[in-house]
Each structure stands twice: as structure tokens, then as C-alpha cells.
Number of protein chains: 2
Amino acid sequence: MTTEAAYLKQYDASRFPAPLVTVDSVLFTLHQQALCVLLVERAQPPQEGRWGLPGGFIDMAHDDSTRATALRKLTEKTGISPAWLEQLDTFSGPDRDPRGWSLTVAWFALIAWADCQPRITSVSDARWVPVGALGDYPLAFDHGEIVAAALRRLRQKTMYSLLPVYCLPDTFTHGQLQEATEIVLGQPIQRKSLIRRFEASGMFEETGESLATGARKARLWRRKPGVDIHLFSRNLLAD
Amino acid sequence: MTTEAAYLKQYDASRFPAPLVTVDSVLFTLHQQALCVLLVERAQPPQEGRWGLPGGFIDMAHDDSTRATALRKLTEKTGISPAWLEQLDTFSGPDRDPRGWSLTVAWFALIAWADCQPRITSVSDARWVPVGALGDYPLAFDHGEIVAAALRRLRQKTMYSLLPVYCLPDTFTHGQLQEATEIVLGQPIQRKSLIRRFEASGMFEETGESLATGARKARLWRRKPGVDIHLFSRNLLAD
DNA sequence: ATAATAGTGTCTGTCAGACAATATGGA
DNA sequence: TCCATATTGTCTGACAGACACTATTAT
């Protein structure tokens, strides 16, 4: 038996103290002109009754990675996979969870409201909360900080990509993307600048359909399958 | 006793299986016109004899966060704190470590070669490896992937900030920053563009001294204390 | 003086901001 | 037709790329 094999045979991870590891996600969507985040009411201690991010422990028997854990937990709540999912950061320390030294891997996700609305309303412990109304929800642990970090990431990335499309349904108009972008950034943007980027990105194709929202019909677009997000070399709203 | 307090009293984290958690850092520096990464030869199994990133387990009695773990491990090897330290990503899964389901929090760090060189040469198991020579070093676990991710982060961020200054000594010249930037990006940049950004960043002040490297003396600069890194709204080398 | 490196001036190209002009479709 | 919204045209400004030009210092 090699040294390596002998070592592994006698190795017992449970002999060492380990931090409490969780995976939490900040899932955003857009609904009624507001940026919303998915919160879950905690049914068990610790912090029973407070609101928190959807997440939980890694299921080592089934999860391939913390991404899988995040997806599993989000799918339980929304019924579908988010259109966008990226790792945000980790948050750790001896005091953030009363059970002891803990570490959470935080993920940042986007989804179209229409795609998961039926499931959310049927899950009574989950709720979409407009980010402006977060003050009314006492958040568990350091989840407020995590949401704040996710918001910064979303806003920063919206400056140099068309990330808000991942909050829109499969087909959408320029106007919907403009509205989504303005809600995320919290200020109006130049439609012309957006459309220039939209063309330059190479990410989209026309469906041939069009949508009458108010006056003139607007063309409908979809994301080209298999095409990655385009990052621009300049920011919007550079000031 | 409240429900919460009762719950915490009976809670025993060790009853639940937990992933193996480590903290690893990718520390870069510049030396002899090359971008180098600090590697450590593994003295213990698993993967004894292979090279890996400096890192290890969280010391829950002393580390306030995984940042503290990263700093502690880096300081052991280099003798000083890195000039730049940010979280890179986490890497996790059942197969990346032979001991079982594991998760590593990866940090990305920069330091000036002169600031830690004496210590490194005296620590026989640590070595600066030029990134071009990484092929000669069989890396443990998925540390090759982690280094690749750190390199992408470094190069991307160099496009919209003056991040390579954190690889320079306390005082430095425009020429040294240009050289550092060119080594990181792997291609020449316009000195004029760099100096325009240097001025606009507001991050630096003259020392009053100057340095004769070859011909005309160059002014020496230092980072203004307490001033954060400046992010530009456009990339260099946008193409 | 010459060479070599430091530092400046300035023109061009790209793309975001601004907003005017035109197109379309329903009432 | 008229209005609201969609879409396009085009001018301006900021800033990176390019490169010529001037300044300084060791030899």
C-alpha cells in the first residue's frame, strides 16, 4: 500500500472541528416596476420567524458542488432553474451564526417573474420582497449584508453588460429591456445607447413576432441559444 | 429559557457530516520581467511531494474569517501581509480532494517581490514560479484551475484599474508601472494612456525623490495612504 | 554632443449622451 | 387624422490609441 493510500485509509475528517457550511442565494426578479428579492420565512431555529435567503446545507450525497446546492434549493422554491447563476462571495466568522463558526457560500441569481410566479405564490413561506421594502423584513444572520453585496454586483455588472435580460421572459422587446435596466440602475438611460449595445452584443435574434404594448408594435427578441453574455469595454452612466 | 436558547443549547454541529473546508491563496508577484505565483511543496499527504497553493485549514479559535486564515497562511510564508487581497471564488465537490467532499475558499493576492524575497528564499518549501513555467510543476488537487481563475481575474482587472501597482514597492516610477502592466497583460501598452489614468485616478502622490534607472531620472510616486483603488469606466486594449 | 529614457502635445477613432426626426399602428 | 410609442439619424464629448515632439541626464 502506498503512503498516500495508507494515509487516506486512516484519515477521519470528523476528528477535526469544522465550520458550519451553508449555501445561500440572492435571487432577484423584476415585478411591477420593482426589483425584488426572494426571501423565505424561517420555520426552525435559529432565528425562527425571521426572514432569510433561500439556502441550506450541502447534501454531500447528491450535490456535485455548491452550485448544485444553490440550484437545488432555488428549484425547491421556484420550480425552475434561474436564468443566471454566479457565485457572489463567501461570508464567514465566529459570530454570524449563533451555532458557532460558520461559512456561507453566497450565490447571485436572476429569473423572470412570469417563469416562477405560480410556484412562489403556492409556497407560503417564500415571498418576493421589493428591495425598497427590505426594511420591513428583519433578516436573519448577516443576510442583509449579503443582499447588499448582491445588489452592488447586479448594478455594477449592468453597467458593462446586458445582465438584466436574465430577468426577462424568453421573448421581450427593447422597451422591456430598457425598463429592466432602468429599474436596476435606479435612473433613466438612453434608449439609443441600449439599442446600440443590443446590436453590438451579438447575443440576440428576432423572433419575427411583435408585441403591442401601447401604441406602435415592438419587435420581439430572444437570446440566441448557446451564446454567452457579452461584456462591453465601457460602462454606461460613466460620469 | 427561550425556544432559541433551548435550541442552541442542544445543538451539536458535529452530529452532521460536513465538507472538508480549506482556504488557499494565489499570491502573485513580479520578478525579472515575469509574473510569478507562490507555490509550496506539500510535505504531508495527501499529494505529498506535489506543489500546491499556500493555504490550509481554518483555525476556528483564532481566525475571524477566511480572510484571516488566508492572511495567516501567507504571512507564515512571506513574513508580511500582501498589499492586495481579495476573494476569488470557491471550488467544491466530492472528487477534488481524495479525503472526501471538500470546499476551498480561494483568495487572490499581490505583493512586491522585494518586500518578501528574503523570507521566501529562507523557506525551502516555498518557491516563486513564473506562470509560464507552471507546466513543470505538477499541482495538487485542482490548484491549476484556481491559478488559472486568478490569472483571468488579474488580467481582467488590470484592464480597468491600476491593480499592478500592488506588485510594486512602496515607491515606484511610471516606467515600473508600465512594465508591470505589460507583463500582466502580455503585451505593450501606450505609456501616454497609462499616465493619463495615473493622474486621473487620484491614487498617487510624488515623493519628491527620483530614480535613475538608465538615462533621464524618473520621478518617484507612492500610493496616497487610505485612498481606495480607482476603477475606470473604460478598458485598456478594448479592441 | 549623443544616446537613452522620461515626459508632453495633439490628432484620430470609438462609443456613450443627448435629442431631433421619422415610422407605425390603434383609437 | 392624431397620438403614443418604436426606431433611426446625427451631433457632441470623453477618453484610449498612436505617434511625434521636447526634456533631462549619464557617458
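A note on names: the letters A, B, ... follow the listed sequences, proteins ahead of strands, and every chain is numbered from 1.
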Sugar-phosphate only, base, or nothing, as touched by A/Ile189 at under 4.0 Å among non-hydrogen atoms: nothing

Within 45° cone and under 6.0 Å: B/Arg223 NZ/CZ vs B/Phe204 ring: no

DNA chain C: 5'-proximal contact among A/Leu237 and A/Arg234 (nearest heavy atom): A/Arg234

Whole-Å gap separating P (D/dT5) and CD (A/Gln178): 12 Å

Euclidean distance, atom CZ of residue B/Arg219 to atom C1' of C/dG7 [Å, nearest integer]: 7 Å

For atom CD of A/Glu199 and atom P of C/dA16, their distance in whole Å: 13 Å

Protein-nucleotide distance (B/Phe232, atom CZ; C/dC15, atom P), rounded to Å: 20 Å

Any B/His174 side-chain N or O less than 4.0 Å from OP1/OP2 of C/dG7: yes

Whole angstrom value for the distance that separates P of C/dC15 from CG of B/Asn235: 12 Å

Short side-chain to backbone donor-acceptor contact, A/Ser25 and A/Leu27, under 3.5 Å: no

Protein-nucleotide distance (A/Gln190, atom CD; D/dA6, atom C1'), rounded to Å: 15 Å

Close side-chain approach of A/Phe91 and A/Ser102, heavy atoms under 4.5 Å: no

Heavy-atom donor-acceptor pair, B/Lys192 side-chain to D/dG17 base, under 3.5 Å: no

Nearest-Å distance for atom pair CZ/P, residues A/Arg191 and D/dT5: 11 Å

Between D/dC15 (C1') and B/His230 (NE2): distance, integer Å: 13 Å

A/Arg216 (side chain) and C/dA23 (base): donor-acceptor pair under 3.5 Å: yes

